[in-house]
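Convention: sequence-line order gives letters A, B, ...; per-chain numbering from 1.
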Protein chains: 2
Amino acid sequence: MPNTKASDFIHKLHQSQIKLTRQRKLIVEKMVLFKIPFGAEDLYLNGLKKSGLDLATIYRTLNLFAENNWISRIDLNDGYSRYVMKPASSHLHTLLCKACHRIEHLSGCFVEKQQEELRKKGFTSLSHKVEFVGLCPDCNQQERTAL
Amino acid sequence: MPNTKASDFIHKLHQSQIKLTRQRKLIVEKMVLFKIPFGAEDLYLNGLKKSGLDLATIYRTLNLFAENNWISRIDLNDGYSRYVMKPASSHLHTLLCKACHRIEHLSGCFVEKQQEELRKKGFTSLSHKVEFVGLCPDCNQQERTAL
DNA sequence: CTGTATGCAAAACCTTTGCATTGTT
DNA sequence: AACAATGCAAAGGTTTTGCATACAG
């Protein structure tokens, strides 16, 4: 079963109003191959350019996907917009390795209670994001053995 | 006691190796006046330009402060880097109103336990960020009365 | 004094946009 | 056929950088 992820994603596109173009399919198929957050240029230089896609198309598509909440923007604070495929759950709880950028989606939410308190105080339309950043076991080990 | 915040901050600068210039003092004194996340241009157009500061100096200074963890970058996802003064506690738990950009630092941390579990799994140098985004009571009310 | 910080101007950078053309539904 | 999406090229806006000068320690 190759690319279940990609076809699931494309299925989502189908159900919406947007048109399913060759370019968008290619972008989706490329996105799912990334295990770390990817930017427009990452997709472009890793095959999409060869397929004849324009960088502008990729930017437009990534914006479209993000607006529809099909992907999430990750801020690595280097002036470069990156995205990750959205996990099944709506909001984002991530664990990011600052060395290799490997990203994990965490299950379990420890802040629902806190959010509920804020709601009681009069805040509405609440959403939240929990981000852990650190060194994953692999990168941590590399640093040690490098000494 | 005017500008306790500013002098506290400047005191921190003193203790580090960096030089305390007229420009840096002015930037600090301006920063503390902002109750919402501020960008370089915000500082520039709100008095620092009149004081003769250059935008480049402000960018350099904001980068310097952020590298030293004296201020924190906030990503509002509009292609504009903003910062907030760091709260006393090291890490960031914020509540941001998406309408007026008013920001609150939340006390109490509900994710320490989760972080401890990650540490046990082999992750190191862990830090975390918890961000709530929503409409504050004031903005929420405005939307309602606008109907 | 020495080395860092600033001002100025230009460049770099990522991202967006206009418009004619192509392609989907 | 109608409208949305793409490619191409150019512009946009924020942030960075080089270099001579000024300044803090």
Side-chain angles (χ1 to χ4, degrees), chain A residues 9-31 37-68 70-83 101, chain B residues 9-31 37-68 70-83 101:
Chain A
F9 197 102
I10 290 172
H11 187 65
K12 265 192 290 196
L13 304 193
H14 249 133
Q15 296 181 312
S16 79
Q17 313 297 339
I18 78 158
K19 294 192 176 177
L20 208 40
T21 63
R22 179 183 77 95
Q23 290 84 342
R24 287 177 178 165
K25 280 180 197 158
L26 285 171
I27 289 171
V28 170
E29 283 162 6
K30 189 60 67 177
M31 287 195 316
F38 52 85
E41 193 140 8
D42 294 322
L43 304 177
Y44 185 61
L45 297 179
N46 278 283
L48 261 29
K49 182 179 186 179
K50 275 186 194 151
S51 304
L53 296 228
D54 193 87
L55 233 197
T57 301
I58 301 177
Y59 274 107
R60 282 190 276 234
T61 303
L62 255 21
N63 281 342
L64 175 74
F65 289 175
E67 282 163 18
N68 285 81
W70 294 324
I71 59 178
S72 304
R73 222 177 79 97
I74 297 283
D75 181 29
L76 260 45
N77 201 349
D78 60 357
Y80 191 56
S81 289
R82 295 162 202 268
Y83 300 86
H101 292 177
Chain B
F9 197 101
I10 290 172
H11 186 67
K12 264 192 290 194
L13 303 195
H14 249 133
Q15 296 181 312
S16 78
Q17 315 297 341
I18 78 159
K19 295 190 176 177
L20 208 39
T21 63
R22 179 183 78 93
Q23 290 84 341
R24 286 176 180 167
K25 280 180 197 159
L26 285 171
I27 290 170
V28 170
E29 284 161 8
K30 187 60 68 178
M31 287 195 315
F38 52 85
E41 193 139 9
D42 294 323
L43 303 177
Y44 185 62
L45 297 179
N46 278 283
L48 261 31
K49 183 180 185 178
K50 276 186 194 152
S51 305
L53 295 229
D54 194 87
L55 233 197
T57 302
I58 301 178
Y59 273 108
R60 281 189 276 233
T61 304
L62 254 21
N63 281 341
L64 176 73
F65 289 175
E67 281 162 17
N68 285 82
W70 294 324
I71 60 178
S72 304
R73 222 177 80 99
I74 297 284
D75 181 29
L76 259 45
N77 199 350
D78 59 357
Y80 189 58
S81 289
R82 296 161 202 268
Y83 299 87
H101 291 177

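- The structure places CG of Leu48(A) at 10.0 Å from CE of Met31(A), a figure rounded to the nearest 0.5 Å.
- When the C1' atom of dC19(D) is taken as reference, atom CG of Asp54(B) falls 14 Å away, rounded to whole Å.
- Using a 4.5 Å heavy-atom threshold, the side chains of Ile74(B) and His101(B) count as separate.
- Scanning residues 23-30 of chain A for heavy-atom distances under 4.0 Å to DNA chain D yields Gln23(A), Arg24(A).
- When heavy atoms are screened at a 4.0 angstrom cut-off, Gly39(B) is found touching no nucleic acid atom at all.
- Side-chain contact between Glu67(B) and Asn63(B): present, with at least one pair of heavy atoms (C-beta onward) separated by less than 4.5 Å.
- Rounding to the nearest 0.5 Å places CG of Leu13(A) at 10.0 Å from NZ of Lys25(A).
- Scanning all heavy atoms of the two residues, the minimum distance from Phe38(A) to Leu62(A) falls at CE1-CD1, 4.3 Å.
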At under 4.0 Å between heavy atoms, how does the protein contact nucleotides 10-16 of chain C? Give one character per nucleotide, 5' to 3', with B, S or -. ----SBB

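- The local environment of NZ in Lys49(A) is sparse, with at most 12 non-hydrogen atoms from other residues, nucleotides or ligands closer than 6.0 Å.
- Centroid-to-centroid, the aromatic rings of Phe65(B) and Tyr83(B) stay 6.0 Å apart or farther.
- For Thr21(A) and dA5(D), the shortest distance from a side-chain N or O to OP1 or OP2 is not below 4.0 Å.
- A straight line from CZ of Arg22(B) to C1' of dG7(C) spans 11 Å, rounded to a whole angstrom.
- Closest approach of Leu53(B) and Ile27(B) over heavy atoms only: CD1-CG1, 3.8 Å.
- When rounded to the nearest whole Å, the span between NE2 of His14(B) and C1' of dG25(D) equals 10 Å.
- Spacing between atom CG of Leu45(B) and atom P of dG13(D) amounts to 14 Å, rounded to whole angstrom units.
- Rounded to an integer number of Å, the gap from Leu64(A) CG to dA5(D) P is 7 Å.
- Following rounding to the nearest Å, Ile18(A) (CD1) and dC3(D) (P) show an atom-to-atom distance of 19 Å.
- In this structure, NE2 on His14(B) lies 5.0 Å from CG on Leu20(B), to the nearest 0.5 angstrom.
- In this structure, the NZ atom of Lys19(A) is 6 Å from the C1' atom of dT25(C), given to the nearest Å.
- Between Leu48(B) atom CG and dA5(C) atom C1' the separation is 15 Å, expressed in whole Å.
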